[in-house]
There are 2 protein chains.
Amino acid sequence: MLTERQLLILKVTVNDYIQSAQPVGSNQLAKKPGITSSSATIRNELAELEGQGYLEKTHTSSGRIPSQKGYRYYVDHLLTPNPVPQQDIVQLRSVFEEKVTETEEIIKRSAGILSELTNYTSILLGPDIRKHTVKKLSIVPLSPGMAVAIIVTDSGHVENRVFSIPPDLDPSDIEKMVNILNERLIGVPLHDLHKRLEQETLALLRQHIERYGELFRTFQQALLLPHTDNVYYGGKLNILKQPDFHDIQKIRELMDVMEEGKHIPEILPIGAQGLQIRIGSENALAAMEDCSVITVSYDIGDEQMGSIAIVGPKRMDYRRIVSLLDYVSGDLSKELTRLFQGK
Amino acid sequence: MLTERQLLILKVTVNDYIQSAQPVGSNQLAKKPGITSSSATIRNELAELEGQGYLEKTHTSSGRIPSQKGYRYYVDHLLTPNPVPQQDIVQLRSVFEEKVTETEEIIKRSAGILSELTNYTSILLGPDIRKHTVKKLSIVPLSPGMAVAIIVTDSGHVENRVFSIPPDLDPSDIEKMVNILNERLIGVPLHDLHKRLEQETLALLRQHIERYGELFRTFQQALLLPHTDNVYYGGKLNILKQPDFHDIQKIRELMDVMEEGKHIPEILPIGAQGLQIRIGSENALAAMEDCSVITVSYDIGDEQMGSIAIVGPKRMDYRRIVSLLDYVSGDLSKELTRLFQGK
DNA sequence: GTTAGCACTCTATGAGTTCGAGTGCTAAGA
DNA sequence: TCTTAGCACTCGAACTCATAGAGTGCTAAC
């Protein structure tokens, strides 16, 4: 168990290290406002905190830096979020000032602003497109052998895919098919599309369209979209601004992980509600063992959900980021819900 | 003027430096096959080459490295391209093995493979979308106040934009408008769309649609697409692999330039035919003064054009890249033309 | 329980050496 | 006249050594 004074010293130490990136010594701490003990007493307490695993030394006679456990305790018990400065709020709200009508554009811009404000990397995950429902399907023939399939969702998202068709196909057959598809598939969420296509429309199509098989197969294949996540990054290069990252090899690994979309599920604890902080090796990816990730979810309407993440060094300004994300999450939820339901 | 021997020495020096990244000394050169003179003679020649500005020293008693002028002379007169290895060809052709039907997908994948093969960054510029012509326009209402406008081009590219409409607009008016637009605008290239929209359809719309003004204005605004370049990167992080780039500040500037799309015209000499090499400060951007950029154009059909660029250190493997790009350019031209015209 | 005092540890910094790769120059040889 | 062996010289890289300074841990006094 830690005493009041130890808690205070731990908190001040972490705050100072976050700010300065330098190991914190007892003399330095003694000068801090709020701390009344002498440096000798602080030394004793620091030794105790180190013994309990909250602090570490970089070498025998250095100051202390927070350990993973120290950061964890700090964010769990000692964190007093800073209120979001008016200035930041203005900048964040600027997204909604302009008449941007697309959810994706709003999310993308928010990612940019967040990374600018924080100097860290931001990752914004939009709502799962596959939950959106079909508003309209169409097929536009391009040339005798080619056509493009277009799906518009209720959210205004448009998916499209070029696919090949039998070169001598009767255009009226395409029209028939599109009509049947629209009749049957409007309102179906994208992730069910492939299944429903088969279940409900296959038989119908067979009745109406000559050589439906060939057409249907290529069309179905076109709709088997590789599930691209609805993810936006801001400030990927901000990693290079952090003095904590000087090893080019490490930077490469980290950026590699971010560049490839496929690690998103490991970076972001998808499905988690509220604010989550992952420190250092608490992250699933080895490349991120020197990073902390703060994530928060936001809602659009009643069902859909997105996430916001800030990736920075373990020595991240938790006080600021936590309150900032809290604000952004609420704001995005409110504005996007309005946009989505107000339609 | 340079003697035969000086040319040989210059060539071998540049090749060696490209390969080793170390300043090249006279003893080292004397050992190279093809060079018969003694190191003392070579020293004299090196001094002469330095005097004429083709080589430089990093400090008084170091070996020589090529100067900007040296590289320039090398690529202009001494470059003997390496034939493309069968292995590379196989990998490049793999793009066409799979049945990819979209130009954009082919270009994107080619960018990836090029960067993998070279360990440099590749930038592929697709044909200018704005030259494509309208195949079909449609407007899909989403909710009382919103609709999405969709433009399909003859190439199968789909542009879409959400825009707001008068909430109490009669759906039949939208239909009318779409019919008029399609009647008038099919075949119009995208870059003319905005103008033609005004010239040809405004009057017609006025006749047929009540409250056309409001609808028309928001629709027109939606079509004022920010001209996004059709550009794909491969291996942005490969910069971090180059020993030439160790200064994090420089790396940041360079990646910054690449991250922002807007510098493309400065990186790529758009409109240039054939193969171009820009060395160091020959590049328009200050951030690229330590880079060389090799670009080559390719054609799709008779009119459209794209570019391929490889960005690497000045100490780039010109022999390999030049022949590689030459090959890829021809291959892309052939395959994309086939795809485009075979439609 | 707190603190002043002090010996001790370790890093960072800078000066001084040495080593080796490489140069430029000179003079002898072809 | 061109080439080359020889040699003194230069400079950076790597290493050692000394010093200063920040910080610790411990002891003993308050």
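Of the side-chain N and O atoms in A:Arg64, one or more sit less than 4.0 angstrom from OP1 or OP2 of D:dG25. At least one side-chain nitrogen or oxygen of A:Thr60 sits closer than 4.0 Å to the OP1 or OP2 atom of C:dC10. Considering only side-chain N and O atoms, A:Ser61 lies nowhere under 4.0 angstrom from the phosphate OP1 or OP2 of D:dG23. For C:dA21, the OP1/OP2 oxygens have no side-chain nitrogen or oxygen of B:Gln28 closer than 4.0 Å. Considering only side-chain N and O atoms, B:Lys57 lies nowhere under 4.0 angstrom from the phosphate OP1 or OP2 of C:dA21.
A:Ser292 pairs in a side chain to side chain donor-acceptor pair (under 3.5 Å) with only one of the listed residues (A:Tyr318, A:Tyr71, A:Tyr120), which is A:Tyr318.
If you take CZ of A:Arg43 and P of C:dT3, they are 11 Å apart, rounded to a whole angstrom. A straight line from CG of B:Asn44 to C1' of D:dT4 spans 9 Å, rounded to a whole angstrom. Distance, A:Glu45 CD to D:dT24 C1': 15 Å, rounded to whole Å. When the C1' atom of C:dT23 is taken as reference, atom CG of B:Leu29 falls 13 Å away, rounded to whole Å. C:dG1 atom C1' lies 8 Å from atom CZ of A:Arg5, rounded to whole Å.
At a threshold of 4.0 angstrom between heavy atoms, the contacts of B:Ser39 with the nucleic acid are absent. Heavy atoms of A:Thr58 sit nowhere under 4.0 angstrom from any nucleic acid atom. At the heavy-atom level, A:Asn27 lies nowhere under 4.0 Å from the strands shown.
Within 6.0 Å of CD in A:Glu260 there are more than 12 heavy atoms belonging to other residues, nucleotides or ligands. The local environment of NZ in A:Lys241 is crowded, with over 12 non-hydrogen atoms from other residues, nucleotides or ligands closer than 6.0 Å.
Using modelled atom types, one finds no donor on one side chain facing an acceptor on the other under 3.5 Å when comparing A:Gln87 with A:Gln91.
Note on ring orientation: taking the six-membered ring where Trp is involved, the planes of B:Tyr54 and B:Tyr73 are perpendicular (angle over 60°, cut-offs 30° and 60°).
Comparing A:Thr41 and B:Ser26 against DNA chain C, the residue whose closest nucleotide sits nearer the 5' end is A:Thr41.
Side-chain proximity of A:Ala40 to the nucleotides D:dG25, D:dT24, C:dA4 is greatest for C:dA4.
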